[in-house]
Amino acid sequence: MFAAERRQLILEMVRANGAVSLRELARVVQTSEVTVRRDVRALEAEGLLDRRHGGAVLPGGFTRESGFPQKSHLATAEKTAIADLAAGLVDEGEAVVVGAGTTTQELARRLARVPGLTVVTNSLLVAQALAHANRVEVVMTGGTLRGSNYALVGSGAEQSLQGLRVSRAFLSGSGLTAERGLSTSNMLSASVDRALVQAAAEVVVLADHSKLGTDTMFQTVPTDVITRLVTDEPPAHDDRALTELQALADQGVQIAVAGPGAGSGPAGGDGGPAGPGRQQPRHGGPPTARAGEEGLPLPGPRRNHPHPPGGGAGATLRGGMPLAEQPGGRVADLAPRRR
């Protein structure tokens with residue numbers, strides 16, 4: 001494929017999806033990430049797109065939300081690895097909330113194997129993935145159907161969550177930064193996700209590396225409210241993504257990086273819910289003041305949790321295993337810096 005043809009295809013993908021990772025672009029145009037990065041730089045110089053951490057986005061600073069058909073074909077391997085590891089956080093008999101998104105849909109497919117589980121969701125895709133799980137109870141919110149992501153939104157969805165209390169919330173979004181937290185491109189979706197967060201003792205964000213450093217219009221969850229981030233391994237050359245992970249860790253977010261083969265057990269770990277994908281809660285630290293979008297209530301601060309036994313504040317996992325125990329693992333990259 002000639003360079004002009006590659007760049008035209010890259011531009012078409014970014015226009016169709018709003019944001020695309022370098023890894024995905026390289027796969028589609030069947031070339032190396034080094035070549036794709038050179039093409040992206042050339043397109044940015046022409047003002048046709050903007051470079052972001054490990055990917056490319058529409059020009060203008062904020063990415064727009066793409067629909068389900070486009071999202072379902074992006075970063076599929078990364079989403080699978082993230083879902084495998086995140087499923088290991090869930091125990092038998094728990095009650096959790098799961099938000100809308102293609103990554104949370106992958107998680108739901110794995111939660112179908114956890115007996116005695118109760119899942120509250122506003123996502124038709126999540127409910128469908130759990131529909132035939134005879135040992136899982138699914139509770140759906142009310143609300144108005146938003147066709148682009150098959151989610152229920154609006155006041156009906158938010159009101160149905162009032163008074164609810166569960167152990168943890170699993171959420172995805174359009175972008176994640178240490179400065180602003182999780183964000184999305186739709187105001188109604190952001191508002192419902194805030195209501196989901198209010199119902200949970202812990203908040204787990206599922207986001208592949210292409211979303212790191214991407215900022216979108218409406219803040220969903222401030223960084224100080226996020227308990228854990230489950231993500232995939234950024235490319236070795238993606239220094240900006242690693243920097244963003246470090247900044248998130250510095251602010252108290254516990255980070256688990258899913259690698260190949262993570263979560264081989266029935267619920268994401270070798271031993272199911274108690275397998276190596278499990279992580280212990282950590283102290284969340286005091287809340288910090290953050291400004292939210294006008295007229296949209298922010299979720300409460302991260303709840304306080306004890307430090308993991310022996311792990312201290314710097315416990316960081318990759319693929320369910322401490323970084324220090326893995327070949328090439330660099331604790332300094334992701335463990336919170338001591339001040």
Side-chain angles (χ1 to χ4, degrees), residues 1-79 82 100-103 148-149 172-187 189-190 205-220 229 231-248 293:
M1 187 181 296
F2 293 111
E5 294 175 307
R6 280 199 319 269
R7 292 172 187 178
Q8 181 61 35
L9 182 54
I10 289 170
L11 189 57
E12 289 174 359
M13 287 184 64
V14 173
R15 285 174 174 170
N17 299 294
V20 187
S21 69
L22 290 178
R23 185 180 299 175
E24 189 68 17
L25 289 171
R27 184 186 67 81
V28 172
V29 301
Q30 298 182 340
T31 188
S32 68
E33 289 187 30
V34 173
T35 300
V36 166
R37 189 179 300 105
R38 187 163 54 244
D39 291 336
V40 167
R41 286 197 187 102
L43 291 168
E44 183 183 44
E46 297 179 39
L48 298 174
L49 52 74
D50 288 342
R51 285 186 297 159
R52 286 294 182 269
H53 299 193
V57 302
L58 289 173
F62 292 105
T63 61
R64 67 174 177 83
E65 184 179 38
S66 53
F68 170 76
Q70 293 82 22
K71 288 181 178 180
S72 62
H73 297 295
L74 295 176
T76 53
E78 290 86 347
K79 292 173 183 176
I82 290 168
T102 52
T103 310
S148 62
N149 64 346
S172 187
S174 301
L176 177 66
T177 65
E179 180 180 359
R180 198 158 171 258
L182 189 67
S183 62
T184 186
S185 302
N186 182 267
M187 182 176 67
S189 295
V205 170
L206 312 181
D208 68 78
H209 75 274
S210 67
K211 296 179 181 178
L212 295 174
T214 298
D215 201 3
T216 52
M217 189 171 293
F218 298 101
Q219 183 191 55
T220 301
L229 164 65
T231 187
D232 64 300
E233 182 78 41
H237 57 262
D238 194 350
D239 293 335
R240 290 183 295 181
L242 292 171
T243 299
E244 199 72 45
L245 286 176
Q246 178 66 70
L248 287 163
E293 308 301 332

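Residues: numbered from 1 along the sequence shown.
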Please list, chain by chain and in numerical order, all residues satisfying side chain to side chain donor-acceptor pair (under 3.5 Å) with [X], sequence neighbours excluded.
{"X": "Thr35", "value": "Ser32"}
{"X": "Thr231", "value": "none"}
{"X": "Thr103", "value": "none"}

Is it true that a side-chain atom of [X] and a backbone atom of [Y] form a donor plus acceptor pair closer than 3.5 Å?
{"X": "Thr214", "Y": "Gly175", "value": "no"}
{"X": "Gln219", "Y": "Gly181", "value": "no"}
{"X": "Thr184", "Y": "Gly173", "value": "no"}

Minimal non-hydrogen separation, Leu248 against Ala178, with atom names: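 For Leu248 versus Ala178, the nearest heavy atoms are CD2-CA, 3.6 Å.
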Heavy-atom pair with the smallest gap, counting every atom of Leu176 and Leu182: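 Reported closest heavy-atom pair: CD1-N, 3.6 Å.
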What's the spacing between [X] [atom1] and [Y] [atom2] if we round to 0.5 Å?
{"X": "Ile10", "Y": "Leu25", "atom1": "CD1", "atom2": "CG", "value": "5.5 Å"}
{"X": "Ser210", "Y": "Asp232", "atom1": "OG", "atom2": "CG", "value": "7.5 Å"}
{"X": "Leu206", "Y": "Ser172", "atom1": "CG", "atom2": "OG", "value": "6.0 Å"}
{"X": "Leu43", "Y": "Asp50", "atom1": "CG", "atom2": "CG", "value": "11.0 Å"}
{"X": "Arg41", "Y": "Glu46", "atom1": "CZ", "atom2": "CD", "value": "15.0 Å"}
{"X": "Arg6", "Y": "Gln30", "atom1": "CZ", "atom2": "CD", "value": "12.0 Å"}

Side chains of Asn186 and Asn149 in contact at under 4.5 Å (non-hydrogen atoms):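 A side-chain contact under 4.5 Å is absent here.
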Electrostatic pair Arg23:Asp208 at N-O distance under 4.0 angstrom: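 Answer for the salt bridge query: no.
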Set of side-chain contact (heavy atoms from CB on, under 4.5 Å) partners for Glu44, sequence neighbours left out: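 Glu44 satisfies side-chain contact (heavy atoms from CB on, under 4.5 Å) with Leu49, Arg51 once adjacent residues are dropped.
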Pairing residues for Glu5 by the side-chain contact (heavy atoms from CB on, under 4.5 Å) criterion, not counting sequence neighbours: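 For Glu5 the side-chain contact (heavy atoms from CB on, under 4.5 Å) partners, ignoring immediate neighbours, are Met1, Phe2.
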Residue list, salt bridge (charged side-chain N to carboxylate O under 4.0 Å, His left out) with Arg7, at least two apart or on another chain: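 If we apply the salt bridge (charged side-chain N to carboxylate O under 4.0 Å, His left out) test to Arg7, skipping adjacent residues, the hits are Asp39.
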